[in-house]
Amino acid sequence: MRIASFNINGIKARLPRLLEWLEETKPDVACLQEIKTQDEGFPAAEFEKIGYGAIWHGQKSFNGVAILTKDQEPEETKRGLDGEPEDEHSRYLEANVKSADGKTVRVASIYLPNGNPQPGPKFDFKLRWMKRLRNRATEIWQNEVPAVLAGDYNVIPRDNDVFSVKAMESDALMQPESRQAYQRILNDGWTDALGVSYPAGKIWTYWDYRSGGWQRDQGFRIDHLLLSPLAADQLNRCGVDKEHRGREKASDHAPTWVELNF
DNA sequence: ATGGCTATACGCTATAGA
């Protein structure tokens, strides 16, 4: 089964591109971030028309995550992360989905805080959020089920995951604290599918709209799919739908995906 | 480079993103 992650940067502005991508690549699960709409504005009927069920966690103007599933309805297992009741950002949604052979797979759609400017309260919030995510990841891991934590992590894990270390050195995405918090989750036993499949790096999932980022291929890898052991064992291949970034009215992120042998 | 571009909202200017 194919599970994808796509930061769409506004589901209303991006709807034609999103429907086109779903019909062309037919992912079994699509984890979306930055839907940038309140719950009542989510275009569920458009997805239903092309055979996708959906759950979503919206918010006015910013953030917002969703999970789309082909030929089935996702069974929601978690909405938001524990540990900070005053946090009202819509950044985490989790569900059980079924593979073609009836196996239950746990999937999360994650929109991790950007954290800029750093240092500052937004960066502190990012690091706290990463701790809370790690706690939830551990709960899932302990269930010993195939699981995929997919999303925009806003972390550049390695120096070869960015077009220029110098250009990004003071950015929250690349701070040692951000990388350490990400690495802690990997050290708990999660596999960064693209990271292990392309150790030489130079695979981007994001290109800035500004400064001709796309035209100059100046990007970085910040959208990640983390696999639990039972999912990592079945990793067939993974990649980035890079070509979709070059289309008219594209998101600044490209979809990234894993294909698992069930 | 407090730059560049894009999306959203109690909109014609501000905020957030990365």
Side-chain angles (χ1 to χ4, degrees), chain A residues 5-19 21 32-43 46 56-66 87-92 109-127 129-130 133 150-179 181-182 194 201-224 240 242 244-256:
Chain A
S5 180
F6 192 3
N7 180 322
I8 51 168
N9 187 14
I11 202 164
K12 292 171 186 166
R14 211 70 60 210
L15 191 58
R17 284 288 91 90
L18 177 57
L19 293 170
W21 169 73
L32 307 179
Q33 301 86 35
E34 284 206 88
I35 62 175
K36 293 187 175 182
T37 179
Q38 295 176 94
D39 283 342
E40 48 270 36
F42 188 84
E46 299 296 323
W56 56 95
H57 189 199
Q59 180 180 342
K60 196 199 294 188
S61 306
F62 308 115
N63 306 326
V65 286
D87 171 17
E88 292 182 343
H89 289 192
S90 298
R91 295 179 176 275
Y92 187 88
S109 183
I110 291 163
Y111 179 46
L112 208 145
N114 170 297
N116 280 307
Q118 76 78 31
K122 290 189 173 184
F123 189 61
D124 297 340
F125 175 63
K126 175 181 193 150
L127 296 179
W129 204 94
M130 292 185 82
L133 174 63
D152 177 358
Y153 281 72
N154 271 314
V155 174
I156 297 169
R158 315 170 299 201
D159 284 354
N160 63 13
D161 291 316
V162 61
F163 74 98
S164 163
V165 170
K166 193 169 164 42
M168 295 297 289
E169 66 186 349
S170 61
D171 196 284
L173 277 57
M174 250 187 54
Q175 292 315 295
E177 296 95 326
S178 308
R179 285 182 165 180
Y182 183 74
L194 274 282
K202 310 279 185 202
I203 306 281
W204 318 142
T205 65
Y206 168 90
W207 295 258
D208 203 306
Y209 287 127
R210 301 165 296 182
S211 315
W214 169 250
Q215 288 76 11
R216 300 179 191 189
D217 198 30
Q218 295 183 338
F220 26 96
R221 188 173 73 92
I222 50 175
D223 299 274
H224 307 305
V240 177
K242 182 175 177 180
H244 286 257
R245 175 62 180 82
R247 297 193 185 187
E248 193 78 18
K249 293 272 281 177
S251 170
D252 42 5
H253 295 250
T256 180

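Chain letters run A, B, ... following the sequence lines, proteins first and then strands; every chain starts at 1. Owing to the predicted nature of the structure, the values given are computational and were not obtained by experimental measurement.
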May I ask you to check whether A/Phe220 and A/Trp204 place their ring centres under 6.0 Å from each other? no
Pairwise [atom1] distance, [M] and [N] [rounded to whole Å]:
| N | M | atom1 | value |
| --- | --- | --- | --- |
| B/dT6 | B/dC10 | P | 23 Å |
| B/dT15 | B/dT2 | C1' | 14 Å |
| B/dA16 | B/dG4 | C1' | 16 Å |
| B/dA1 | B/dC5 | C1' | 15 Å |
| B/dT13 | B/dA18 | C1' | 22 Å |

Could you check whether [X] gets within reach of a base, just the sugar-phosphate, or nothing at all, counting any heavy atom under 4.0 Å?
| X | answer |
| --- | --- |
| A/Asp152 | sugar-phosphate |
| A/Arg221 | nothing |
| A/Lys122 | sugar-phosphate |
| A/Tyr111 | sugar-phosphate |

For the pair made of [atom1] in [X] and [atom2] in [N], what is the distance, rounded to whole Å?
| X | N | atom1 | atom2 | value |
| --- | --- | --- | --- | --- |
| A/Tyr153 | B/dG17 | OH | P | 19 Å |
| A/Asn63 | B/dA9 | CG | C1' | 15 Å |
| A/Met168 | B/dA1 | CE | C1' | 14 Å |
| A/Arg91 | B/dA16 | CZ | C1' | 10 Å |
| A/Phe125 | B/dA16 | CZ | P | 13 Å |
| A/Tyr182 | B/dA18 | OH | C1' | 17 Å |
| A/Phe123 | B/dA16 | CZ | P | 18 Å |
| A/Phe220 | B/dG17 | CZ | P | 14 Å |

Using salt bridge (charged side-chain N to carboxylate O under 4.0 Å, His left out), reason through A/Asp152 and A/Arg91 one step at a time and then give a plain yes or no. CA-CA 10 Å; A/Asp152 177 358; A/Arg91 295 179 176 275; over 6 Å; no
Indicate whether OP1 or OP2 belonging to B/dA18 is found under 4.0 Å from a side-chain N or O atom of A/His253. yes
Need to verify one output field. Residue with the more 5' nearest nucleotide on DNA chain B, A/Pro117 or A/Lys60? A/Lys60
Which is more 5' along DNA chain B, the nucleotide nearest A/Gln59 or the one nearest A/Gly115? Just name the residue. A/Gln59
Mark yes or no for whether A/Thr205, through its side chain, and A/Asp223, through its backbone, hold a donor-acceptor pair below 3.5 Å. yes
Please verify the inter-ring angle class for A/Tyr182 with A/His224; under 30° counts as parallel, over 60° as perpendicular, anything in between as tilted. tilted
As a quick check of understanding, evaluate ring-ring contact (aromatic ring centres under 6.0 Å, His included) for A/Tyr92 and A/His57, giving each step before the final call. CA-CA 8 Å; A/Tyr92 187 88; A/His57 189 199; 9.4 Å; no
Pairs involving residues 212-222 of chain A, ordered by first then second residue, that meet salt bridge (charged side-chain N to carboxylate O under 4.0 Å, His left out) (sequence neighbours left out): A/Asp161-A/Arg221, A/Asp192-A/Arg221, A/Asp217-A/Lys242
Side chain proximity check, A/Pro43 to A/Lys12, heavy atoms < 4.5 angstrom: no
Syn or anti: how is B/dG11 classified when any glycosidic angle within 90° of 0 counts as syn? anti
What string of B, S and - do you get for nucleotides 2-7 of chain B, 5' to 3', when a contact is any protein heavy atom under 4.0 Å? --BBSS
Is there a donor-acceptor contact under 3.5 Å linking the side chains of A/Gln218 and A/Ser164? no
